[in-house]
J.: 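Dropping the structure in here first, questions after.
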Amino acid sequence: YIILCVEDTMDWKHGITREIVQKADPDLSRTVIVNTKLDTKLPQFGTPNDVAEFIRASIVERLSPHKLGGPFYTSVPSGRVNRLDLGGKGGSAEDFLFDDDDEFVAACAEKVD
């Protein structure tokens with residue numbers, strides 16, 4: 001079996017979800033670590049080096065060198081894409097960075113290239 005450990009943490013030393021997973025998989029050799037909501041964490045970092053260190057997650061490697069995979073990061077375009085189906089409840093058009101999902105995906109593709 002593979003265990004998917006989904007964490008929302010800013011501090012790799014103290015992963016509550018990872019601690020629970022380690023009760024079933026002590027060395028995380030069957031575990032893939034996923035860190036959620038990366039976009040919401042970015043403003044909390046002081047420097048680009050702080051972001052790079054968090055993403056590098058070297059402490060996770062030191063604490064769990066036998067982990068199956070990760071950490072991988074997720075982010076959603078919440079608050080960045082205007083949702084016309086909200087019936088006006090989502091704020092004004094100026095509150096969004098992108099008019100629709102296609103525009104957001106195109107902007108992501110540009111960054112990857």
J.: Would you give the length of the straight line joining atom CZ of Phe54 to atom CG of Leu42, rounded to the nearest 0.5 angstrom?
T.: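 Going from the CZ atom of Phe54 to the CG atom of Leu42 covers 9.0 Å.
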J.: Does one hydrophobic cluster hold both Val21 and Ile59, with members joined at side-chain heavy-atom distances below 4.5 Å?
T.: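 Yes, one cluster joins them.
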J.: Between Arg30 and Ala24, is there a donor-acceptor pair closer than 3.5 Å when you use the side chain of the first and the backbone of the second?
T.: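 Yes.
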J.: Are Val6 and Trp12 connected into the same hydrophobic cluster when the rule is that any two of I, L, V, M, F, W, Y join if their side-chain heavy atoms are below 4.5 Å apart?
T.: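 Looking at the clustering, Val6 is in a separate group from Trp12.
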J.: Check whether any side-chain heavy atom of Thr74 lies under 4.5 Å from a side-chain heavy atom of Val34, and answer yes or no.
T.: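 Yes - at least one pair of side-chain heavy atoms lies under 4.5 Å apart.
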J.: Is a donor on one side and an acceptor on the other found under 3.5 Å between the side chain of Thr9 and the backbone of Asp11?
T.: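 Side chain of Thr9 to backbone of Asp11: a pair is present.
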J.: Roughly how far apart are Lys13 NZ and Arg62 CZ, rounded to 0.5 Å?
T.: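 Nearest 0.5 Å value for the NZ-CZ distance: 8.0 Å.
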J.: Roughly how far, to the nearest 0.5 Å, is the CZ atom of Arg18 from the SG atom of Cys5?
T.: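 Reported value, rounded in 0.5 Å steps: 7.0 Å.
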J.: Taking Lys41 for the side chain and Thr36 for the main chain, is one N or O donor matched with an acceptor at less than 3.5 Å?
T.: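 Confirmed, Lys41 side chain pairs with Thr36 backbone.
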J.: State plainly whether the residues Glu61 and Arg56 are in salt-bridge range, i.e. N to O under 4.0 Å.
T.: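 No, this pair does not count.
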J.: When hydrophobic residues are tied together by side-chain contacts of less than 4.5 Å, even through go-betweens, does Ile2 share a cluster with Phe72?
T.: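 Linked within one cluster.
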J.: Say whether Tyr73 and Met10 are linked into one hydrophobic cluster, either directly or through other cluster members, by side-chain heavy-atom distances under 4.5 angstrom.
T.: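 Cluster IDs for Tyr73 and Met10 match.
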J.: So, the side chain of Thr47 versus the backbone of Asp50: is there a donor-acceptor pair under 3.5 Å, distance only?
T.: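 At least one qualifying donor-acceptor pair exists.
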J.: Between the side chain of Asp25 and the main-chain N/O of Gln22, is any donor-acceptor distance below 3.5 Å?
T.: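 It does not hold such a pair.
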J.: Counting only heavy atoms from other residues, nucleotides and ligands, does the tally under 6.0 Å from NZ of Lys37 exceed 12?
T.: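 Check fails, neighbour count at 12 or below.
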J.: Does any N or O in the side chain of Glu7 come within less than 3.5 Å of the main-chain N or O of Ile33, such that one atom is a donor and the other an acceptor?
T.: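 A pair under 3.5 Å: no.
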J.: Does a side-chain heavy-atom distance below 4.5 Å link Leu68 with Leu28?
T.: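 No, side chains not in contact.
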